[in-house]
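All remarks here apply to the structure that follows.
Start at 1 with the first residue, then count along the sequence.
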Amino acid sequence: MQIGPHILRNNVFVAPMAGVTDRPFRQLCKQLGAGYAVSEMSASNPRLWNTEKSSRRTNHEGEMEPKAVQIAGADPVMLAECAKHNVANGAQIIDINMGCPVKKVCDSWCGSALLQNEKLVGRILDAVVAAVDVPVTLKFRTGWNSENKNALNIAKMAESAGIAMLTLHGRTRADGYKGAAEYETIAAVKAAVNLPVVANGDITSPKKAAYVLKVTGADAVMIGRAAQGRPWIFREIAHYLATGEYLPAPLVSEVRGLMAEHLLAHYAFYGEFMGVRTARKHIGWYVHDLVGGEAFRQQMNKLESCELQLRAVQDFFDSQSNERLQYCPVVQFDDDWGGQFTQDSTEKQAA
């Protein structure tokens, strides 16, 4: 898998997620097998470039290459300048966001709202590609709503503009994150262009990743929500794609160490006050569905210092009775592509 001059180690990617894919989380995902990760959205408005929040979002110090920054906006000139600004600050790949479905983003005619105006999309693609000498990629959705799907048109425009790679979330803006992803649309886009295409949406397990690659013909998969609290999903998927075999669930002792590493990096990145508060969601995701996880999460959220939070997390994992991570049993699990089956906690972790 390659983006411009950058050869990636595999085709299992981390999706950019606002408030989630900061530098410590991206680093952890790459360490655990992700072949590529993109930063949170960077606003195109130059008045925001030097704010603490924006500077933190585009901080790639010490990160495994390639360093990719996602930019968001609606003005071609501002987006082009934003791309130049980020390249000057170390970005090796620029990703244009035309996929975010969040209301406040779309109300500003950014993210997936842009799909309603194909002429503007064309001007943005041309402007950003012309502005920088690094690869420019595009993340988008299948359309604005079920009556207005234009992924094929957008994909062909992107290819003509010189976009290096497409990532397609198989839902419309109106869908948000509801319903099932449209893999047939991703397959149609892949068949229509001579570009690397990345499939995104509902990829939650190694088996599902293999299925999506098969039915779409995509070159890679991008994992978003399924990685929250389970960053080892990248090595599990990469291993399954390479061997057809599942890795065992991670050792509790390994997860304890990974969480300590993640939290210490998180605290260093955000500082004490912000660090302890923004870490709560990550900890909640890690312990979700573990025995005693919800009760622990409620108590942990009352802690106000990094030291107490870290110690509580370590004590929680020390209290786990199994050698390997084991989630609470799931009785009726929908496999997302036809049929249901019963699986125990070990199968949930593997499949």
Side-chain angles (χ1 to χ4, degrees), residues 1-10 12-73 75-100 110 124-125 127-139 162-167 196 198 220 222 227 231 234 261-262 264-271 274-275 278:
M1 186 68 194
Q2 187 166 349
I3 307 173
H6 305 289
I7 299 174
L8 310 180
R9 58 178 172 162
N10 64 41
V12 186
F13 301 167
V14 188
M17 294 175 280
V20 180
T21 47
D22 52 24
R23 192 188 72 197
F25 186 73
R26 293 194 306 270
Q27 278 285 71
L28 182 62
C29 292
K30 288 179 177 179
Q31 176 186 328
L32 290 171
Y36 178 63
V38 184
S39 75
E40 305 170 77
M41 288 186 293
S42 174
S44 61
N45 188 336
R47 290 178 298 177
L48 303 176
W49 291 351
N50 295 317
T51 64
E52 183 178 4
K53 185 175 182 180
S54 292
S55 298
R56 196 180 282 123
R57 283 187 167 189
T58 56
N59 185 320
H60 291 263
E61 293 175 14
E63 185 174 348
M64 189 185 302
E65 296 185 353
K67 301 172 183 179
V69 172
Q70 185 178 81
I71 61 174
D75 181 273
V77 174
M78 291 176 69
L79 281 163
E81 290 302 314
C82 181
K84 284 196 257 187
H85 169 77
N86 279 288
V87 170
N89 283 279
Q92 296 167 303
I93 297 171
I94 295 294
D95 184 62
I96 303 172
N97 183 314
M98 293 189 188
C100 181
C110 302
I124 288 171
L125 297 175
V128 176
V129 170
V132 294
D133 58 1
V134 303
V136 178
T137 62
L138 173 67
K139 190 171 192 292
I163 291 293
M165 184 180 76
L166 298 172
T167 299
V198 183
M222 182 170 277
F234 298 100
E261 180 184 340
H262 185 188
L264 289 171
H266 191 91
Y267 301 149
F269 190 66
Y270 287 99
M274 282 285 292
T278 54

Original post:
Tell me, do Pro24 and His262 make a side-chain contact under 4.5 Å, heavy atoms counted?
Top reply: yes

Subject >> pair Gln27-Glu261: side-chain heavy atoms closer than 4.5 Å >> reply: no

Subject >> Close side-chain approach of Val129 to Ile163, heavy-atom, < 4.5 Å >> reply: yes

Subject >> Minimal non-hydrogen separation, Glu40 against Arg26, with atom names >> reply: N-NH1, 4.4 Å

Subject >> Test side chain to side chain donor-acceptor pair (under 3.5 Å) applied to Asp22 - qualifying residues, sequence neighbours left out >> reply: Tyr270

Subject >> Trace of the side chain to side chain contact (heavy atoms under 4.5 Å, CB included) decision for Val198 with Met165 >> reply: CA-CA 8 Å; Val198 183; Met165 184 180 76; 3.6 Å; yes

Original post:
Between atom CE of Met274 and atom CZ of Phe269, what is the distance when rounded to the nearest 0.5 Å?
Top reply: 10.0 Å

Subject >> With Gln92, the side-chain hydrogen bond (donor to acceptor under 3.5 Å, both in side chains) member among His6, Glu65, Lys67 >> reply: Glu65

Original post:
For the atom pair NZ (Lys139) and CG (Asn97), what is the distance rounded to the nearest 0.5 Å?
Top reply: 7.5 Å

Subject >> From Glu81 atom CD to Ile71 atom CD1, the distance as rounded to the nearest 0.5 Å >> reply: 10.5 Å

Original post:
Going from SG on Cys110 to CD1 on Ile96, what distance comes out if it is rounded to the nearest 0.5 angstrom?
Top reply: 12.5 Å

Original post:
If you take all heavy atoms of Leu28 and Pro231, which pair is closest and at what distance?
Top reply: CD2-CG, 3.8 Å

**OP:** List the atom of Ala164, the atom of Pro135, and the distance in Å for their closest heavy-atom pair.
**Re:** CB-CB, 3.9 Å

**OP:** Run the numbers on Ile93 and Val134 for side chain to side chain contact (heavy atoms under 4.5 Å, CB included), then give the verdict.
**Re:** CA-CA 6 Å; Ile93 297 171; Val134 303; 5.7 Å; no

Original post:
Met222 and Pro16: which non-hydrogen atoms are nearest, and at how many Å?
Top reply: SD-CD, 3.9 Å

Original post:
What are the two closest non-hydrogen atoms of Val69 and Ala91, and how far apart are they?
Top reply: CG2-CB, 3.7 Å

Subject >> Side-chain heavy atoms of His60 within contact of Ser39, under 4.5 Å >> reply: yes

Subject >> Check: Phe13 and Thr167 side chains under 4.5 Å, non-hydrogen atoms >> reply: no

Subject >> Closest approach of Ala80 to Val128 (non-hydrogen atoms, all atoms of both residues) >> reply: N-CG2, 4.1 Å

Original post:
Would a 4.5 Å heavy-atom cut-off, applied to side chains only, mark Leu125 and Met98 as touching?
Top reply: yes

Original post:
Quick one: CG on Leu138 to CD1 on Ile94, what's the gap to the nearest 0.5 Å?
Top reply: 13.0 Å

Original post:
Is there side-chain contact between Leu8 and Pro66, with at least one heavy-atom pair below 4.5 Å?
Top reply: yes

